[in-house]
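To start, the structure under review is shown below, and the notes come after it.
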Amino acid sequence: MPELPEVETVCRTLRPRLVGRTVTGVRLLRPFVANCAPAEFAERVGGRRVEGVRRRGKYIVIELGASPGRPPDDLIFHLMMAGRLGHRPPGAAPPDPVEAKHTHAVFTLDDRSELAWADLRHFGRIHLVPRHQPEAIPPGLAALGPEPLAAGFTAARLASILRRRRAPLKLVLLDQAAVAGLGNIYADESLHRAGLHPLRPACSLDPGEVRALHRSLRAALREAIASGGTTLRTYVDGEGRRGAFQARLRVYGRTGKRCARPGCEGTVERVRVGGRSTHFCPLCQPPRTAVRNSR
DNA sequence: CTCCTTCCCTGGGAGC
DNA sequence: TGCTCCCAGGGAAGGA
């Protein structure tokens, strides 16, 4: 599932292929543009130069430069669970059956290569919004919380977010308005690394636990990016490569297996939290912090 | 404001 | 072999 590390990897692989290129053609095979009609979409994107490719939360933002009579636009993609945004060399066929069947939009570039949008589940969406027009930004993007890998995301910042919420930790980590970019995989992995039970009320953490969670989620995200993301089913990066982090998952998708922490005898359990499967080790992540021997 | 539920969509696996 | 059922899950919307 594309979460922050996967979306970041897609952006990094697409950036050198797209920036500086001009879009010469737009083919919309299915009308999955959320906020404008196909004809208007093609007219507004065609002929534009790509000025940048950036990530915000789980969104990919392709910045289209101004052209005569047209102010700059942002072309915004959300991959949801099964979306792919990939670069294909000139004349290349869809690289696998999934893309052959579920490619919904193709952008041709001035070097005759293509940017293809595919989505097996048809959940993903494209938005085209004027660069500086806040009311046109998709609500989920407008309401995003802080980037967890940004320099300004300190343990103190995380503490102030958790302090105000009584909901289970797992739900707060999944809330994109609290912290941007975590999904089911990295929420579970972060909580396991921090030794925190997913049902603990967010506001119940002491300062040491907040610091542990802050360290853990940043470490998990950084390591996943370094591995090119997690491929469980359909995820590939902008050049069609699978991620490698699935081999390093400690609890996610490992229900009934031995906890991955060396020496731990625990067995990974699964519970549902807010309708989401949640994986944890009952020994590493006790319901309440064990009482420490003081002095 | 916070929290909770429902819906969207397809493929793949389990079970019969 | 083929059928049904259920699950995966992020975000939007609506209600309490």
Side-chain angles (χ1 to χ4, degrees), chain A residues 1-8 10 29-35 55-61 76-85 94 96-105 117-127 129 135-145 147-148 160-191 198-204 217 221 224 229-236 243 246 249 251-256 268-279:
Chain A
M1 266 56 66
E3 303 177 25
L4 187 154
E6 291 75 34
V7 178
E8 178 65 27
V10 170
L29 287 68
R30 288 189 185 80
F32 289 151
V33 180
N35 68 335
R55 179 191 62 76
R56 175 75 173 103
K58 301 176 200 171
Y59 293 83
I60 298 167
V61 181
I76 300 170
F77 297 85
H78 197 301
L79 304 175
M80 295 298 278
M81 277 82 69
R84 287 183 181 179
L85 192 59
D96 67 19
V98 169
E99 292 197 32
K101 188 172 177 185
H102 298 285
T103 295
H104 305 319
W117 164 256
D119 183 7
L120 174 149
R121 303 274 283 280
H122 301 196
F123 265 31
R125 285 293 177 270
I126 307 175
H127 285 78
V129 309
E135 67 275 13
I137 297 172
L141 177 56
L144 282 180
E147 285 292 331
S160 77
I161 292 164
L162 299 177
R163 194 183 304 131
R164 296 180 285 107
R165 305 284 297 266
R166 278 193 295 181
L169 275 175
K170 171 67 183 272
L171 289 187
V172 175
L173 292 184
L174 289 179
D175 180 356
Q176 301 301 296
V179 180
L182 292 172
N184 216 26
I185 297 173
Y186 299 105
D188 283 0
E189 292 297 304
S190 299
L191 289 170
L199 291 177
R200 286 274 304 275
C203 57
S204 74
L217 69 87
L221 294 172
T230 299
T231 297
L232 294 176
R233 297 179 186 84
T234 58
Y235 166 74
V236 293
Q246 58 277 11
L249 296 175
V251 286
Y252 185 87
R254 301 189 63 250
T255 310
V268 176
E269 293 184 8
R270 180 173 64 172
V271 294
R272 292 193 84 78
V273 183
R276 303 288 154 77
S277 284
T278 297
H279 312 75

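Side chains included, hydrogens not; waters and symmetry mates left out as well; all remaining heavy atoms used. Everything numeric in this text was worked out from a predicted model, so none of it was measured. Throughout, a chain's letter reflects where its sequence line sits, starting with A, and its residues are numbered from 1.
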Could you tell me whether the side chain of Arg276(A) has a donor or acceptor atom within less than 3.5 Å of a complementary atom in the base of dG10(C)?
yes

It should be established whether Ser277(A) places a side-chain nitrogen or oxygen under 4.0 Å from OP1 or OP2 of nucleotide dA8(C).
yes

Hey, is the side chain of Gln176(A) poking within less than 4.0 Å of OP1 or OP2 on dG10(C), counting only N and O atoms?
no

Closest heavy-atom pair, Gly124(A) versus Met80(A), reported as atoms and distance to 0.1 Å, is CA-CG, 3.6 Å

First of Val98(A) and Gly274(A) reached from the 5' end of DNA chain B, by closest nucleotide:
Gly274(A)

Validation row: Arg200(A), Pro168(A) side chains within 4.5 angstrom (heavy atoms)
no

dG10(C) P sits how many Å from Ile185(A) CD1, rounded?
8 Å

dC1(B) phosphate, OP1 or OP2: any side-chain N/O from Arg166(A) under 4.0 angstrom?
no

Round to the nearest Å and state the distance from His78(A) atom NE2 to dC8(B) atom P.
19 Å

Report yes if a side-chain nitrogen or oxygen of Arg165(A) is closer than 4.0 Å to either non-bridging phosphate oxygen (OP1 or OP2) of dC3(B); otherwise report no.
yes

Can you find a side chain N or O atom of Lys101(A) that sits less than 4.0 Å from OP1 or OP2 on dT10(B)?
no

Mapping Gly275(A) and His127(A) onto DNA chain C by nearest heavy atom, which one lands closer to the 5' end?
Gly275(A)

Tyr186(A) and Glu6(A), any side-chain heavy atoms less than 4.5 Å apart:
yes

What's the CD-P distance between Glu3(A) and dG10(C), to the nearest Å?
6 Å

Kindly say if Arg164(A) contacts the phosphate of dC1(B), meaning a side-chain N or O under 4.0 Å from OP1 or OP2.
no

Min side-chain heavy-atom separation Gln176(A)-Lys58(A) under 4.5 Å:
yes

Given atom OH of Tyr186(A) and atom P of dG10(C), what is their separation to the nearest angstrom?
12 Å

Quick one: is Arg272(A) getting a side-chain N or O under 4.0 Å of the dT5(B) phosphate, OP1 or OP2?
no

What is the base-pairing partner of dC1(B), counting Watson-Crick and G-U wobble geometry with both distances under 3.5 Å?
none

Length of the line joining Arg125(A):CZ and dC7(B):P, which is rounded to integer Å:
17 Å

Length of the NE2-C1' vector between His102(A) and dG12(B), whole Å
12 Å

Do the rings of His104(A) and His122(A) sit parallel, tilted or perpendicular, given the 30° and 60° boundaries?
perpendicular

d(CE, Met80(A); P, dC7(B)) in whole Å:
16 Å

In this structure, how many angstroms lie between the C1' atom of dC3(B) and the NZ atom of Lys170(A), rounded?
17 Å

Out of dG10(C), dG11(B), dC3(B), minimum distance to the side chain of Ala167(A) belongs to dC3(B)

